[in-house]
Amino acid sequence: MPLLDKFGRQITDLRISVTDRCNFRCVYCRSADPENYRPVDELLQWDELERLARVLLALGIRKVRVTGGEPMVRPGVEEFIARLKKLGVQDLSMTTNGQLVAERCHALIAAGLDRINISLDSLDPEKFERITRTRKFASVMAGIQAAQASSLRPVKVNAVLVRGINDDEVEAFARLARETGISMRFIEFMPLDADRHWSRDLVVPAAEVKRRIEALWELVPIAHERSETARKFAFADSPGEIGLIAPVTQPFCGFCSRIRITADGKMRTCLFSSEDHDLKPLLRGNASDQQLAAFIEERVMEKEEGHRINEPGFAQPSRTMVYIGG
Ligand code: SAM
Ligand code: SF4
């Protein structure tokens, strides 16, 4: 039975956050202040995550993205990827900050990872340090190069643009895509940051990004699935691709096919859900797979029609991106 919500959207895309820990502290995600991580015993074990994935695959999930926090910091993530592949996931990807990718790229591929998204918010090492509050620019660049030299395809590079911080780098990122053949994705800053500094003025609209790139190079639209988050474009005269992800200025909720599982076992039917659904009591109680599936089906049926960022009275969810898993 496919997993459907009451608006007729079919859920085929699962994001699993395997940890709330991260070795970076990006300004648009985590707080500068130390945060309390969930105690380890509150996080789902690999067996529990695998069981959830198995139940969800039987409900029609086809794409699985492993994320976090930073997924590469949880020991055993390669083995987990291998377990997901063995379950028959058709499209298995990871979103990572890239710091540990160069040294572990081959292990990820051997485990069965199909593709990878690496975050990179600046091409200037000093600015990178200000954004991520780490000095790992060189490691991330090495990670991107290792991924590109490997069989992972496509390699996507994600940049969250924040006005006044890195919006001056749009053209440089586009040039990187042209020179290296990567898929460069520009993501609008969403109100999911721990420090609650988000404001509409800090969002760099996707339309502006497109206009600025088009002023330099001709872009050709690429067909995409309706549920995809990115509007994609090729360059008319070079390799490389750009993707514009505009959840704030051009919401794509109407065709959303995603649900998320947090590292502590909560199912979220929207990034901006005001409540999440705790699967841990079922996983750790004696619920059968059928009961687990029935619970998930019921909650998915109630998936939000869309986020309300642009509506008066919008309230930022209490969970921030590092806990939800992007
Ligand atoms: N640590 C990994 C990474 O950074 O790629 C995976 C987890 S991170 C939460 C997933 C994605 O969410 C990254 O591409 C990150 O840039 C993005 N992200 C985090 N906070 C965001 C925000 N407030 N608005 C938009 N994107 C955000
Ligand atoms: Fe960590 Fe990723 Fe959040 Fe940056 S965006 S703090 S790398 S989880």
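Whatever order the structure lists ligands and atoms in, that order sets their numbers, starting from 1. Numbers for residues simply follow the sequence, beginning at 1. Note: hydrogens, waters and symmetry copies are ignored here, and every other heavy atom, side chains too, is used.
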Qualifying residues under ring pair (Phe, Tyr, Trp, His ring centres under 6.0 Å), relative to H277, sequence neighbours excluded: none

Less than 4.0 angstrom from a charged side-chain N to a carboxylate O is my criterion; do R21 and E70 meet it? no

Write out each pair where an N or O from ligand 1 and one from the protein are under 3.5 Å apart, with the distance.
residue	atom	partner	partner atom	Å
ligand 1	1 (N)	G69	O	3.0
ligand 1	1 (N)	E70	OE1	3.1
ligand 1	4 (O)	S119	OG	3.4
ligand 1	5 (O)	T96	O	3.1
ligand 1	5 (O)	S119	OG	2.6
ligand 1	14 (O)	S119	OG	3.1
ligand 1	14 (O)	N158	ND2	3.2
ligand 1	16 (O)	Y28	OH	3.2
ligand 1	23 (N)	Y28	O	2.8
ligand 1	23 (N)	M190	O	3.0
ligand 1	24 (N)	M190	N	2.9

Would you say the side chains of S273 and E304 form a donor-acceptor pair under 3.5 Å? yes

Kindly list each side-chain donor-acceptor pair under 3.5 angstrom involving residues 53-65, sequence neighbours excluded, with atom names and distances?
residue	atom	partner	partner atom	Å
R54	NH1	D289	OD2	2.8
R65	NH1	T95	OG1	2.7
R65	NH2	S93	OG	3.3

For ligand 2, which atoms sit closer than 4.0 Å to a heavy atom of G69? 8 (S)

Under 2.8 Å from atom 4 (Fe) of ligand 2, which protein N, O or S atoms are there? Could you list them by chain and number? C26 SG

How about E129 and T134: does a side-chain donor come under 3.5 Å of a side-chain acceptor? no

Quick check: are there more than 12 heavy atoms from other residues, nucleotides or ligands sitting under 6.0 Å from CD of E311? yes

Would you say S119 and N97 are linked by a side-chain donor-acceptor pair, where the criterion is simply a distance under 3.5 Å? no

Looking at side-chain heavy atoms only, is the closest gap between L49 and V18 below 4.5 Å? yes

Under the side-chain contact (heavy atoms from CB on, under 4.5 Å) criterion, do F235 and I213 qualify, and how do the steps go? CA-CA 10 Å; F235 293 99; I213 297 176; 4.0 Å; yes

Decide side-chain contact (heavy atoms from CB on, under 4.5 Å) for C105 and L152; before the verdict, give the C-alpha distance in whole Å, the side-chain angles of both, and the deciding distance to 0.1 Å. CA-CA 9 Å; C105 199; L152 294 170; 4.0 Å; yes

